[in-house]
Amino acid sequence: MSAPVQTASLTAPALPAAAAPAPAPAFERSPGYWGHVGRKLLRDPVAIGAGLVILTIVAVAILSPWITPMDPYRGSMLRRLRPIGDPTYILGSDELGRDMLSRLMVAGRLSLFMGVTPVILAFLIGSAIGIVAGYVGGWLNTILMRTIDVFFAFPSVLLAIALSGALGAGIFNAIVSLTCVFVPQIARVAESVTTQIRQRDYVDAARLSGASSFTIVRVQVLGNVLGPIFVYATSLISVSMILASGLSFLGLGVKPPEPEWGLMLNTLRTAIYVNPLVAALPGLAIFLVSISFNLFSDGLRSAMEVKE
Amino acid sequence: MLTFVGKRLVYVAPVAIGVSIVCFLLVHLAPGDPLSAILPVDATQETIEQMRAAYGFDKPLPVQYALWLWRVLQGDLGTSIATGRPVIGEVGRAVVNSLILASVATLIGFAFGTFFGFVAGYFRNSPLDRAASAIAVFGVSVPHYWLGMVMVIVFSATLGWLPPTGAGPDGSGNWRPDLAHLRHLILPAITMSVIPMGVIARTVRALVGDILSQDFVSALRAKGLGEFGVFRHVVKNAAPTALAVMGLQLGYLLGGSILIETVFAWPGTGFLLNAAIFQRDLPLLQGSILVLAMFFVLLNLAVDILQTALDPRIERG
Amino acid sequence: MTPALDPRDRGGPGQPLVSVRGLVKHFPIKKGLGRARAVVQAVDGIDFDILKGETLGVVGESGCGKSTTARLLMGLIPHDRGDLLFDGEAIGGRDLPLRDFRRQAQMVFQDSYSSLNPRMTIEASISFGPRVHGTPARRAIEEARALLARVGLEPARFAGRYPHELSGGQRQRVNIARALALNPRLVVLDEAVSALDKSVEAQVLNLLLDLKEEFGLTYLFISHDLNVVRFICDRVAVMYLGRVVEIGPAEAVLGAPAHPYTAALLASMPSLDPDRRTEEPPLAGDPPNPIDPPSGCRFHPRCAWGEPVCAKEDPALADIGPHHAVACLARQPGAAHSRAPLLEREAA
């Protein structure tokens, strides 16, 4: 130890007057839990690859209004369903003669937005419900979790379609429906993690220090439960992407002419006999994003299994 | 065992009531008047009031719910607005078709899923495991409606081996076990089987890996049991959970088949739901969802009871 | 510093710091469909005092209610019946709200790992309590580092670390520092050294003795290890199935046990000293189920002195010497037990 031990000059806290301001010595800092997770994740080539794919697609989608090679909305009846590799249309053109590459790039905005937003909303709402149920316990837990059980009685695809079918088509309604699908799932995970953490002695120690329930949850519980809930939520993004585009595919989400991968897949169904490869492209985009999120989530999960 | 069944039934009852409430409220979630779809545009206020009274929409919600539940318990799910026929009959026909498709898909998925899962679990961290795991990830990540389209593109549009849509050659809604109908079943069933395959493969891989790492397996090997004997023990221990997952997957497929049924124009519940949504046929929507959800609840219950009966380790207290 | 000089002292040195009277806690357990209920009689009517400045040991087999007693005293779980007094005032009552009581009483748990938040640095864990009570963050951290130094952990090396980077003994030192951070008068040590290696255990015990002297602490020391209890405790209470069966000065209870259960506990203790070998039979079998405890004296099915009367009569704690009380029919003058001493009147 090269650093001088400045605290040696301090007396016990019974006499805090002695705690004079001292120059900060070289204190050792540990990287902490998330530091370890980050390092482990960086050693996982599959997770890094998946992460890069996600980042690229997100970047392209965000920047698409400025970087698309052609106008994604303007078509030409004379140049419909051009094949992939066409000199003008690199990835071909759709059934209304619009450039597929440009449309796929722009469509990423709505598809990603509709796939990720429900998971974020459900993460916030579901975590809140689950943590309260898990921490408070007792009858409140029973009421909340029994209500959640009712939603588990619906397969998620059915629930999403039932809700957006009843609410009617539209981006907003689709996001509301999908959020309703994921809130119970996240709440259940949050509840079980919180119930476990709540039984740890350090929560009892925090109660003994006189802290309020709110402070204990904020300082002692959140840091330990949000990680596992977050990993679970990232694994839902894949499902959410498939479902969100599925709703648009059914005509329950985005309305034409707005480009969205699921909707594009639907309108191109008529073209599968003429130009099958072009018709399959939007689905490939959904698949790429979905599998990337799944692989990244798997990597995150195993990176978080570090010794604490 | 009997007390266990009783306990599960008591636990399921409130869930079933909750499900019925959600289904009942679905109609009231819909924007506008539930009657707007069947009322003529120029209906007078008087006609509207009469219709409201006739359908019971003038009463408070809890009363409406009680009346509705009473009719449902007697098997009356209302009348389809689009066809004018009882909902129960429409749903019944569709459920049979969906059940055929979902069951075949589940069986295919179970067969391949257990195979890949066993291979991956037995040869953990080998290239075989990575390949099998990759197939499993593919199964849970692929948008199945797109996979259906790709199947149609490859096997119908390009190769022309199999029919792309419908349940039979004449376009009839009734499935029969003959060769022509079987040919129509192949593509949608294989497409649909990809989801349970991925889930079951992941489950079985984890199960097998778990069982093989337990002490009793080392003990079996130590006492000179051959690999086949060990394999038998692994199967016996993994079977209850794997079968339970399979049962649940059947329920998911039945409820989640709407997208695939739409792609293949399969005359099942998903197809029915799609029609109900776009014709704003709310009684039909409500009825199909209630039937599907209740089926799922009962399937869960059956799986639970069966798994407990099969697995001596689960406490029945 | 003696406890009498503590400005928070109210009743003077003669008043016990803690008085427990008739404490009862039954845990309901659901059976069947949640109708038929059974109860675990975890703590079933116990009385004891903790005197100012002493160390009271509580011993007994696992499941006897030692830890439940500690948690009841600290208000971590609500008690069903009975009175808990701290320096003469009811804990959680009008004069001593739970929050005020907890500034004066802290606890160290058995599992050194589970009692530290894995996502918080050591200094953050120690300074949490003072910060809750309004100490500015900077000063709380400085005090936490000083306390670390006091419990023998170099602050510059350990303050910024996470629990998993410490050994069990180091973590338990951190837990002690955390308990002291609120400057308590009472520290409950619930099997605080039980999980440590013997050599580390001795170091931590010595640290506890030093800290007690320095901060004028009172300890409630819960343990199943009679050797440790003999080393550190002034008085000992022996618990069996939710009851106190013997209580008194450590040298009296452990040197000349009056209750057959205490004697059996001592006999089952390994000893290399031939003089300390006793003729008492060692304890056989497991403790009975606390859901359905035996009638009469709860120890009678395992007791070497068990007689039919023991299954009928439930003995209460009765004095048998200076500050030494025992709950056993064989020690009660005038009881129907064949070994019971005669009443003075009859003897005369």
Side-chain angles (χ1 to χ4, degrees), chain A residues 1-22 24-37 142 196-212 214-216 218-227 306-308, chain C residues 1 71 74-76 98-103 105-121 123-125 128-133 135 138-139 142-150 154-165 175 178-183 214-215:
Chain A
M1 279 318 297
S2 56
V5 185
Q6 56 100 215
T7 39
S9 65
L10 296 179
T11 50
L15 297 165
F27 265 74
E28 283 182 23
R29 282 281 152 207
S30 287
Y33 174 73
W34 290 106
H36 286 294
V37 171
T142 309
Q196 276 173 34
I197 295 293
R198 204 217 167 299
Q199 290 157 0
R200 298 282 161 84
D201 286 341
Y202 62 80
V203 175
D204 278 340
R207 288 173 62 202
L208 289 183
S209 67
S212 65
F214 179 75
T215 307
I216 295 175
R218 184 173 59 84
V219 180
Q220 305 277 358
V221 177
L222 271 191
N224 287 285
V225 300
L226 281 186
V306 294
K307 189 172 168 281
E308 310 180 74
Chain C
M1 187 160 69
R71 283 168 189 265
M74 299 302 290
L76 282 175
L98 206 53
R99 195 178 145 95
D100 291 352
F101 163 68
R102 281 172 173 171
R103 286 210 73 157
Q106 286 290 303
M107 185 162 170
V108 178
F109 300 86
Q110 171 173 15
D111 185 344
S112 67
Y113 183 63
S114 166
S115 47
L116 286 171
N117 189 334
R119 300 277 191 279
M120 281 167 81
T121 58
E123 62 183 12
S125 277
F128 176 76
R131 290 178 65 175
V132 164
H133 285 277
T135 310
R138 225 189 117 103
R139 218 181 83 201
E142 279 165 6
E143 288 175 11
R145 290 174 181 175
L147 267 173
L148 270 179
R150 182 60 198 84
E154 204 178 333
R157 276 180 64 202
F158 292 99
R161 289 201 188 176
Y162 288 85
H164 70 92
E165 297 168 307
N175 283 321
R178 184 206 12 225
L180 294 181
L182 282 170
N183 199 10
E214 184 175 337
F215 295 97

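All values below were derived from every heavy atom in this structure, side-chain atoms included, with hydrogens, water molecules and symmetry-related copies excluded. Computed from a predicted structure; not experimentally measured. Each chain gets a letter, A, B and so on, in the order its sequence line appears, and its residues count up from 1.
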Among [options], who wins on heavy-atom pairs under 4.5 Å with chain A?
| options | answer |
| --- | --- |
| C:Gly160, C:Ser114, C:Gly129, C:Ser115 | C:Ser114 |
| C:Arg103, C:Gln110, C:Arg71 | C:Arg71 |
| C:Leu116, C:Thr135, C:Leu182 | C:Leu116 |

*Under 4.5 Å between any side-chain heavy atoms of A:Arg200 and A:Gln220, yes or no?*
no
_C:Arg161 to C:Phe158, cation-pi by 6.0 Å centre distance and 45° axis angle_ = yes
Which atoms of [X] come close to chain A, meaning under 4.5 Å heavy atom to heavy atom: side chain ones, backbone ones, both, or neither?
| X | answer |
| --- | --- |
| C:Met120 | side chain |
| C:Thr121 | side chain |
| C:Phe128 | side chain |
| C:Leu76 | both |

_Apply side chain to side chain contact (heavy atoms under 4.5 Å, CB included) to residues A:Val221 and A:Arg198 and explain how you reach the verdict._
CA-CA 8 Å; A:Val221 177; A:Arg198 204 217 167 299; over 6 Å; no
*Any idea which heavy atoms bring A:Gly223 and C:Arg119 closest together, and the distance?*
O-NE, 3.3 Å
*About how many Å separate CG of C:Asn183 and NE2 of C:His133, when rounded to the nearest 0.5 Å?*
11.5 Å
*Return yes if some donor-acceptor pair links the side-chain N/O of C:Gln106 with the main-chain N/O of A:Leu208 below 3.5 Å, else return no.*
yes
